There are 4 protein chains.
Amino acid sequence: MVNASTPDERPRSSDRIDPRITQTRRVVREAVLDELADAGFGGLTVESVAARAGVGKSTIYRHWRDRLDLVADALEQLNRQPGPQPDGGTARKQIEQLVHHFATAMGDPRLSATVPALIEAAERDASIAEFFHRYNAQRRQTLVDAIAAGIEAGELPGHLDSELTALALIGPILYRRLMTGEPLSTAQVTDLVATAIGPEHRAWA
Amino acid sequence: MVNASTPDERPRSSDRIDPRITQTRRVVREAVLDELADAGFGGLTVESVAARAGVGKSTIYRHWRDRLDLVADALEQLNRQPGPQPDGGTARKQIEQLVHHFATAMGDPRLSATVPALIEAAERDASIAEFFHRYNAQRRQTLVDAIAAGIEAGELPGHLDSELTALALIGPILYRRLMTGEPLSTAQVTDLVATAIGPEHRAWA
Amino acid sequence: MVNASTPDERPRSSDRIDPRITQTRRVVREAVLDELADAGFGGLTVESVAARAGVGKSTIYRHWRDRLDLVADALEQLNRQPGPQPDGGTARKQIEQLVHHFATAMGDPRLSATVPALIEAAERDASIAEFFHRYNAQRRQTLVDAIAAGIEAGELPGHLDSELTALALIGPILYRRLMTGEPLSTAQVTDLVATAIGPEHRAWA
Amino acid sequence: MVNASTPDERPRSSDRIDPRITQTRRVVREAVLDELADAGFGGLTVESVAARAGVGKSTIYRHWRDRLDLVADALEQLNRQPGPQPDGGTARKQIEQLVHHFATAMGDPRLSATVPALIEAAERDASIAEFFHRYNAQRRQTLVDAIAAGIEAGELPGHLDSELTALALIGPILYRRLMTGEPLSTAQVTDLVATAIGPEHRAWA
DNA sequence: CGCTAACCGAGACGGTACGTCCCGTCTTTAC
DNA sequence: GTAAAGACGGGACGTACCGTCTCGGTTAGCG
């Protein structure tokens, strides 16, 4: 996401990364999160972030394309999707974990605050849309894969479409976050999973 | 919502109201909706609304406190819901019809253009949020009722939660519209319903 | 000056004037003068005048072409000059008295408040300028005449130019009122006169 | 006058100043003078100045507090008081030169156009008054000093009060500019000086 | 003494300029 | 040679008045 507009990866002389860059990005990202907490998304200003981070405004624009990019990137740091379960649990466990993670993100006001802004921005800007949709597809794919694996393993009913089932799991969470005043609680995730892929101990064979 | 800051209703000498006021409010509200669809909430400008409505900027500020008040009021005009389904056919048919209707709406660029705008606006303003969430709840209720009736009639599996099931039906459609580049096609509605409430000819009893 | 734009004098049926018109004009003119004193010319607003006069804005525009016309007309009411000095005493005494009078007027905040307003207005509007300058010339003439009489009588040095000397007497008072924070006190009038026409007991013959 | 609201002179790290600032100020000041000539003081608009200077409106407000500050500053550039005579002429010569300069300024419609506006503004705003009066005092001081030096040197009659005499010299010029339709011509300066401090070749000893 | 014409208040209207704010870009200078 | 500082053009914000324009309601004075 960082500097998505810059196509070249500029490997510079070698592929060493200037440690100052890393440092700058970290303090700015922290400032963004603090500012988000203090002023909300609408009240967040590039200038206020720069001031809080003790950084020049131009420095921010050197690393991020614009306000949205800045915020989205900062939030991404907080929102590390759990890697695929090394092998451990059942497919259902893994699915539940991913859905739980999404519900948690959508339940955190700070974390989910950029989603509406990104949706809006994507609506009016093709390149934002392209990024945003691709990003979502990536995230979604993990879940789709887990579902497909569950079907493959005979753990989930064979009539399921993995794509549609994934949507049936995360769509409701998105809906609750955006269209109602009350995000889906993580406690409801189990019920949601049961609704979408059937109750746990019910045999479908 | 109009001039929410003025608490007294002050009926003036009689309760006649200047017809110019009515007229102005109507054309401005229409301009707001058109502008929302074209430019989104973030791109909506008081000046552009004024220009589109053929009205002075000061006239707008005479009637609405600020940009937010203007948009919220205009959107309230949309709250003209069609009466409840006249009923007929199986519960599944009725549900499919409702879901189909929602998918159609979300598939129409023009119709669904205000949704991102509303989501964004609701995020920033509590009174818009209040209206928007209530409006969505009303719409959703029709589907929830149909599902509950289906369960009651033994037509749908008893383990379903009608609220969650409704979300599992419309959530995916919303998700596809907002988070991907491709809204759910109406052709997929049958599959979606099958995913959420089970395939049609499968007995669960 | 009133309604200079209206060429017809509308004699109506007879030449009776509706008393409401007279009344309106009077209260509005008074409101203008009060407003000028309080807020200055730049701060004078048609709306504030209307409010102060307890009159509708449209009523004002019914009688005066615009803001300038309104102010110019109101100021013309001030043109009520006291008759010429009844004469008596030496020329110097008479001069001192006139200068003292001017210094008193300029020292009274209330009395002198319209001067800056008039100056400003004259700067912007030729007809106000014409009135204002003529009015000032009239007032000044009394002093010029007194000085000329003093020279004629041999009471003042013959090398004096009566016009310039008059200016040397009232110019400083105006300057102090407008360009400094402290108007010339009346106690300084004697010194001022001495500066302009020489000390009293000094012989110039 | 520029940014009079900023009390500290903040020389930054060193006393270098950004050349863009100098450039901007110059082109804007020129645009102000052109605009004054074309549209007059009342017709001068910050936006028109910005457009003429090819500069953003915000840039103007970055350098000047408001319209008045902008105009006053621009005019100040034109109105450089002659430095104190290195030593050369007599006190009378020096005085005549200063008075001549003031008369010239007051005779130039463009130069003197802001005086009424400033007077008006000072009347209603304490901080403008403070600046304006201090500025005038500074200007006046040069003349007062020259007069005092002349008295000290025995070149001017000892009975003169240098402050009052200065007022007797510039007061008339101000009066003519503001209160009559005809500013004092520079040709009359010699006569004016003669009136205030006595004819040149007359002995007073 | 009632009618009608005018005058009135209230204030909505289209405009225009104000001065503020923040965006994202670009320039200069310091380290 | 990179980063901080911040000037810059741009453009929307919300405010304040301008002068125009409906509105009904009220009042004067003729008939």
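These numbers were taken from a predicted model, which means no experiment stands behind them. Chain identifiers are assigned alphabetically (A, B, ...) following the order of the sequence lines, protein sequences preceding nucleic acid strands; residue numbering begins at 1 within each chain.
Every residue meeting the side-chain contact (heavy atoms from CB on, under 4.5 Å) condition with E130(C), not counting sequence neighbours, appears here in chain and number order: R134(C). Every side-chain contact (heavy atoms from CB on, under 4.5 Å) that T45(A) has, sequence neighbours left out, goes to E47(A), S48(A). Listed by chain and residue number, nothing satisfies the side-chain hydrogen bond (donor to acceptor under 3.5 Å, both in side chains) test with E30(A) (two or more places apart in sequence, or in another chain). Scored by the side-chain contact (heavy atoms from CB on, under 4.5 Å) test, D66(A) finds L68(A), D69(A) as partners (sequence neighbours excluded). Scanning for side-chain contact (heavy atoms from CB on, under 4.5 Å) contacts around A39(B) gives E35(B), with sequence neighbours left out.
When the P atom of dC22(E) is taken as reference, atom CG of D66(A) falls 17 Å away, rounded to whole Å. Look at OH on Y61(A): it is 17 Å from P on dA3(F), rounded to the nearest Å. With rounding to whole Å, R62(D) atom CZ is found 13 Å from dG11(F) atom C1'. Atom P of nucleotide dC18(F) and atom CG of L68(C) are separated by 12 Å, given to the nearest angstrom. Regarding L44(C), its CG atom lies at a distance of 13 Å from the C1' atom of dC18(F), rounded to whole Å.
If you check every strand for non-hydrogen atoms under 4.0 Å, T24(B) touches sugar and phosphate atoms only.
Near DNA chain E, defined here as any heavy-atom distance below 4.0 Å, the residues from residues 45-57 of chain D are T45(D), V46(D), E47(D), K57(D), listed numerically.
Heavy-atom nearest nucleotides on DNA chain F were determined for R20(B) and for R20(D), and the one closer to the 5' end corresponds to R20(D).
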